[in-house]
Amino acid sequence: MEMTKVLISPSQYLSMHIISGNIVENERSIQVSCRSSNKWAVQEDFLRATSTYNQDGFDSTKFGLLMKDVKYALRTQINNNNNNLVLVDTLQRMGIEHHFQQEIQSILQEEYEQNTCFLKYQNHHDISLCFRLLRQEGYHVSADVFNKLKNNDDGTFGLNLNQDVNGLIGLYEASQLGVEGEYILDEIAKFSGDHLNACLANSDGARIIKETLKYPYHKSLSRWKAKSFINNFKGINGWGKSTLKELANMDYSITKEIHQHELIQVSRWWSSLGLAEDLKLLRDQPLKWYTWPMTMLTDPKMSQERIELAKCISFVYVVDDIFDVYGTVDELTLFAQAVNRWELCVMMDLPEYMRSTYKALYDTINSIGYNIYKIYGQNPTENLRNMWANLCNAFLKEAKWFASGELPTTDEYLKNGLVSSGVHVVLVHMLYLLGFGLNNQNSIYLEDSSAMASSVATILRLWDDLGSAKDENQEGNDGSYIECYMKGQKSASIELAREYVVKLIEDEWKQLNKKHFNLMNGSLGSYSKASLNLARMVPLMYNYDDKQSLHVLQEYINSMLYDV
């Protein structure tokens with residue numbers, strides 16, 4: 001019997017995922033305005049030209065059959081034991097693992113309970129893959145498993161360096177999940193990294209080696225590299241090439257359209273505030289702001305959460321600009337006091353140019369809190385406003401430091417900089433948007449999540465300070481950890497200071513890993529994964545080139561939103 005082909009329009013499909021409404025079928029398109037003076041603006045002009053399903057519709061029957069085939073493969077053993085782990089890795093690298101969470105967890109749980117995965121897998125790549133997949137999902141797996149691979153005579157971990165490039169890649173990827181004190185993983189990282197670099201000139205897999213060294217999976221955005229992985233996928237022992245590629249491409253295109261519609265809503269919300277017109281020196285960057293939640297919350301169903309989080313992130317940038325490029329210390333003191341009081345009437349005590357920003361912040365955060373209340377029955381606005389008060393207090397402290405011309409010590413700077421990074425504000429909003437911290441376990445959730453946020457904030461602050469370019473050529477007093485370090489270390493060169501900061505970032509990743517594993521063992525797994533994605537996003541946001549351009553970020557946005 002021939003099956004009926006069911007076609008639905010993108011707007012119908014999107015309505016399954018987008019809670020917020022406000023989407024109409026004749027929605028015009030969006031595009032990065034690369035030629036305008038503001039390349040982070042959003043223009044609604046030709047989305048339909050880049051839309052995959054606007055004309056032909058979405059074949060839900062085909063999509064369902066492909067999903068069924070993959071689920072069947074996950075529930076069986078394709079050819080041998082390790083193929084299911086390879087399939088799990090493939091789904092994650094293609095960015096479609098959210099469709100198969102139950103099946104993936106069953107596979108990993110079985111591997112962990114058997115506790116024989118490192119015995120039945122005989123080669124370095126398979127052992128490393130099993131270790132990495134279990135660790136990243138929070139399973140306690142000892143790094144001691146790698147001790148038995150090490151050849152104490154020559155330190156080669158038993159590898160034939162000319163033949164086992166996959167083994168080296170596997171070891172390098174696994175080493176990225178280390179925590180403080182796991183020296184065997186430090187050895188593996190150096191060993192595999194050195195030998196992979198040596199293989200670049202003579203290996204047929206030079207492209208893969210370069211990608212691994214520059215963007216190891218655990219510290220990179222999987223969806224950024226998903227399209228390349230999909231295009232180069234050859235199947236798993238003869239299975240899945242067409243099935244997985246077709247499913248991944250369909251999902252990729254639909255997810256792209258979901259993000260495009262969300263970006264339209266964020267852009268229209270931002271335009272409706274009118275702040276960019278009132279304050280010409282503010283960063284007018286809705287595309288850049290939306291990219292953060294698009295990256296952090298990867299489940300297509302989380303549209304409303306991404307949109308609300310984008311609003312929060314927008315104001316982190318806006319308030320930062322008020323403190324950095326607009327206000328005097330006296331004016332900024334008034335603004336910080338107003339945010340601490342969180343009363344609309346205090347707006348009249350502010351300089352006129354600050355009033356619209358204060359009111360927009362007040363209204364937006366109260367609205368986010370009320371929307372959370374409508375879903376979960378608890379209103380977190382009081383905690384949200386306290387986070388904004390802390391942020392403004394940290395901004396004010398920086399403003400006073402740099403107005404006085406006195407640089408703080410590195411410890412003083414970093415302690416305050418973790419708050420002024422805005423990470424705590426963003427992640428507390430996200431915590432509530434995900435439904436956590438709204439019951440009698442509120443203090444426990446906030447304490448556990450705060451530790452994770454501190455590590456992410458450290459990575460963001462230090463990465464930001466590594467950059468020498470000012471964001472969009474703004475002029476202001478930002479200060480940096482490097483300046484404070486060189487003040488305290490009179491003989492230190494800029495190169496030495498930068499090397500020191502890079503080492504601090506590497507060490508903080510180990511702390512972040514430990515906190516991630518802890519949260520994955522509790523009930524905050526989705527929060528932890530999203531926080532990890534924020535840390536992974538940081539290098540893209542702050543990696544300026546010689547032209548003060550964020551070329552890599554632009555490339556990422558193009559791949560996620562415009563398929564170019």
List in chain and number order the residues that pass salt bridge (Lys or Arg N to Asp or Glu O under 4.0 Å) with [X], two or more places apart in sequence or in another chain; answer none if no residue qualifies.
{"X": "K514", "result": "none"}
{"X": "E97", "result": "none"}
{"X": "K245", "result": "none"}
{"X": "K190", "result": "D194"}

Any residue meeting side chain to side chain contact (heavy atoms under 4.5 Å, CB included) with [X], in chain and number order, not counting sequence neighbours:
{"X": "T410", "answer": "Y481, C484, Y485"}
{"X": "N231", "answer": "K227"}
{"X": "Q105", "answer": "Q101, E137, Y139"}

Looking at [X] and [Y], what are the two nearest heavy atoms and their distance?
{"X": "T291", "Y": "M541", "value": "CB-CE, 4.1 Å"}
{"X": "L414", "Y": "L462", "value": "CD1-CD2, 4.2 Å"}
{"X": "A248", "Y": "I96", "value": "CA-CG2, 4.0 Å"}
{"X": "T298", "Y": "N533", "value": "CG2-ND2, 3.9 Å"}
{"X": "I230", "Y": "M94", "value": "CG1-CG, 3.8 Å"}
{"X": "I188", "Y": "L171", "value": "CG2-O, 3.3 Å"}

Does any part of the side chain of [Y], heavy atoms only, come nearer than 4.5 Å to the side chain of [X], both counted from C-beta?
{"X": "N197", "Y": "L213", "value": "yes"}
{"X": "D320", "Y": "R283", "value": "yes"}
{"X": "L431", "Y": "L524", "value": "yes"}
{"X": "I505", "Y": "L466", "value": "yes"}
{"X": "T295", "Y": "W224", "value": "no"}
{"X": "T409", "Y": "E412", "value": "yes"}
{"X": "I313", "Y": "Y317", "value": "yes"}
{"X": "N416", "Y": "P408", "value": "no"}

What residues, two or more places apart in sequence or in another chain, satisfy side chain to side chain donor-acceptor pair (under 3.5 Å) together with [X]?
{"X": "T381", "value": "N379"}
{"X": "S192", "value": "none"}
{"X": "W289", "value": "none"}

Practice task
Apply the test side-chain contact (heavy atoms from CB on, under 4.5 Å) to residues R93 and F233: give CA-CA distance (whole Å), side-chain angles for both, the deciding distance (0.1 Å), then the verdict.
Solution key: CA-CA 10 Å; R93 290 179 181 273; F233 180 62; over 6 Å; no
Determine yes or no for a side-chain-to-main-chain donor-acceptor pair under 3.5 angstrom, with [X] supplying the side chain and [Y] the backbone.
{"X": "D464", "Y": "L460", "value": "no"}
{"X": "R536", "Y": "S531", "value": "no"}
{"X": "N558", "Y": "Y562", "value": "no"}
{"X": "E173", "Y": "Y217", "value": "yes"}

Exercise for the section: In sequence, state the C-alpha distance, the side-chain angles, and the governing distance for Y542 and D465, and then conclude on side-chain hydrogen bond (donor to acceptor under 3.5 Å, both in side chains). Expected result: CA-CA 9 Å; Y542 297 101; D465 290 351; over 6 Å; no
Exercise for the section: Start with the C-alpha distance between I368 and N371, add both sets of side-chain angles, then the distance that settles side-chain contact (heavy atoms from CB on, under 4.5 Å), and finish with yes or no. Expected result: CA-CA 5 Å; I368 291 174; N371 287 337; 5.6 Å; no
Distance alone, cut at 3.5 Å: any donor-acceptor contact between the side chains of [X] and [Y]?
{"X": "S559", "Y": "R223", "value": "no"}
{"X": "S454", "Y": "H424", "value": "yes"}
{"X": "Y290", "Y": "H259", "value": "yes"}
{"X": "S128", "Y": "Y172", "value": "no"}

Handout entry: Sequence neighbours excluded, every pair satisfying ring pair (Phe, Tyr, Trp, His ring centres under 6.0 Å) that has a member inside residues 505-529
Key =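 For residues 505-529, and leaving out neighbouring residues, the ring pair (Phe, Tyr, Trp, His ring centres under 6.0 Å) pairs sorted by first residue read H218-W509.
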Carboxylate-amine/guanidinium contact [X] [Y], below 4.0 Å:
{"X": "K311", "Y": "E262", "result": "no"}
{"X": "E483", "Y": "R498", "result": "no"}
{"X": "D186", "Y": "K510", "result": "yes"}

Handout entry: Reference residue L129; test side-chain contact (heavy atoms from CB on, under 4.5 Å); the match among D89, I169, N166
Key = D89
Practice task
Would you please test F395 and D324 for side-chain contact (heavy atoms from CB on, under 4.5 Å) and show each step?
Solution key: CA-CA 8 Å; F395 282 154; D324 186 36; over 6 Å; no
Exercise for the section: Only pairs at least two apart or in different chains count here, so list each salt bridge (charged side-chain N to carboxylate O under 4.0 Å, His left out) that has a residue in residues 370-387. Expected result: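 Matches after skipping sequence neighbours: none remain.
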Exercise for the section: Might you work through the side-chain contact (heavy atoms from CB on, under 4.5 Å) test for Y376 and Y432, ending with a clear yes or no? Expected result: CA-CA 9 Å; Y376 298 108; Y432 290 127; over 6 Å; no
Practice task
Verify the neighbour count for atom CZ of F229: are there more than 12 heavy atoms of other residues, nucleotides or ligands below 6.0 Å?
Solution key: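 Counting neighbours around CZ of F229, more than 12 heavy atoms of other residues, nucleotides or ligands fall under 6.0 Å, so yes.
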Practice task
Could you tell me whether F146 and F131 have their ring centroids closer than 6.0 angstrom?
Solution key: yes
